[in-house]
Amino acid sequence: MARDFSWIRPEPWGIHVVPADCWIDPSRPVDRALVTHGHSDHARGGHGETVATPETLAIMKLRYATSEGAVPVAYHETLSLRGGVSATYIPAGHVLGSAQILLEHAGERIIVTGDFKRRADPTCPPFEVTPCDVLITEATFGLPVFRHPPVEHEIAKLLSALAASPERCVLVGAYALGKAQRLIAELRRAGHLEPIYMHGAMERMCRLYEELGVDLGELRLVGDVAKAELAGHIVVAPPSALNDRWSRRLPDPITAMASGWMRVRQRARQRMVELPLVISDHADWDELTQTVIDVNPAETWITHGREEAMLRWCQLNQRKARALALVGYEDEDD
Ligand SMILES: [Zn+2]
Ligand SMILES: [Zn+2]
């Protein structure tokens, strides 16, 4: 029997698992959604039923103030869906609670990676290589120009900028879910035990991470202290706060941003970033191609980013591949 994998159907607003009549990371409300992780381009509110890890469900509850229809599934637990489909959630190493979803039906195995990375992250379990027939992979940084340096290197840059100007503070723009907490945890790992100051918009997510067992050390709110007290300290804020009025309350901040896009000078200039930190929660080019090699699927379906270069790489390496046209999945700040 020819394998056409027609039981799984990519549509512009999500991936349809036909026999189970459910959708993976749908961008519009559906009856049954399987959600890979809590970022807003994947996890939207308003579904009848939402299957996700307990951590992702907690993040969604914080964001959408409702947990109606929540179906928790632990990593490696296999869930039977209708139509003879089963789903297993496997760590993706992207943010707390993030999962790849392994779907099995009629002897075929399809993995949807969601967003993922291969680097160690102190805030979530690492990506696990799992054999399958079809690998549906993200390609946010799917160009050879994207090669993320070791995170220790970027953290050292941040700490030396801080030490060089004790009368200033370093203001770091970081995505409020995942990046901010990873940055803080990496600073702790590097031995920076001083209080870290955060923008009010980060507080609830940081507290949730701590409730879920991720130690972030001493965090204080910028709004609770006088300007002078912030000198010589690190302040973490959402990227949108970097150039707005809010930052005037900081003592002569050195503006930094932690993002894979900081590899692109023009993006750093646009945000008036003095200290670009190339720290990403997505796989870079080498991690993307290495993952295809490691998983070694019969087919690779590429989505969610710069598909063309990955498609060409697969063809050059005699690997069957296709680009999917999903829309609305882009992590601008990541
Ligand atoms: Zn994401
Ligand atoms: Zn994404």
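Both ligands and their constituent atoms are indexed starting at 1 by order of listing. Quantities reported herein were computed from a predicted structural model and do not represent experimental measurements. Position 1 is the first residue of the sequence, and the numbers go up from there.
Taking backbone and side chain together, H42 holds no N, O or S atom under 2.8 Å from the Zn ion (ligand 1). At a cut-off of 2.8 Å, D115 is counted among the residues with an N, O or S atom near the Zn ion (ligand 2). Backbone or side-chain N, O or S atoms of H282 do not reach the Zn ion (ligand 2) at under 2.8 Å.
Contact annotation: the side chain of V17 approaches that of I24 to within less than 4.5 Å [non-hydrogen atoms, C-beta and beyond].
For E274, the CD atom counts as densely surrounded, since its 6.0 Å shell holds more than 12 non-hydrogen atoms of other residues, nucleotides or ligands. The number of heavy-atom neighbours closer than 6.0 Å to NE2 of H76, taken from other residues, nucleotides and ligands shown, is above 12. The local environment of NZ in K157 is crowded, with over 12 non-hydrogen atoms from other residues, nucleotides or ligands closer than 6.0 Å. The number of heavy-atom neighbours closer than 6.0 Å to CZ of R147, taken from other residues, nucleotides and ligands shown, is above 12.
For the pair NE2 of H94 and ND1 of H39, the angle at the Zn ion (ligand 1) is about 90°; rounding is to 10 degrees.
When the N, O or S atoms of D41 are ranked by distance to the Zn ion (ligand 2), OD2 comes first.
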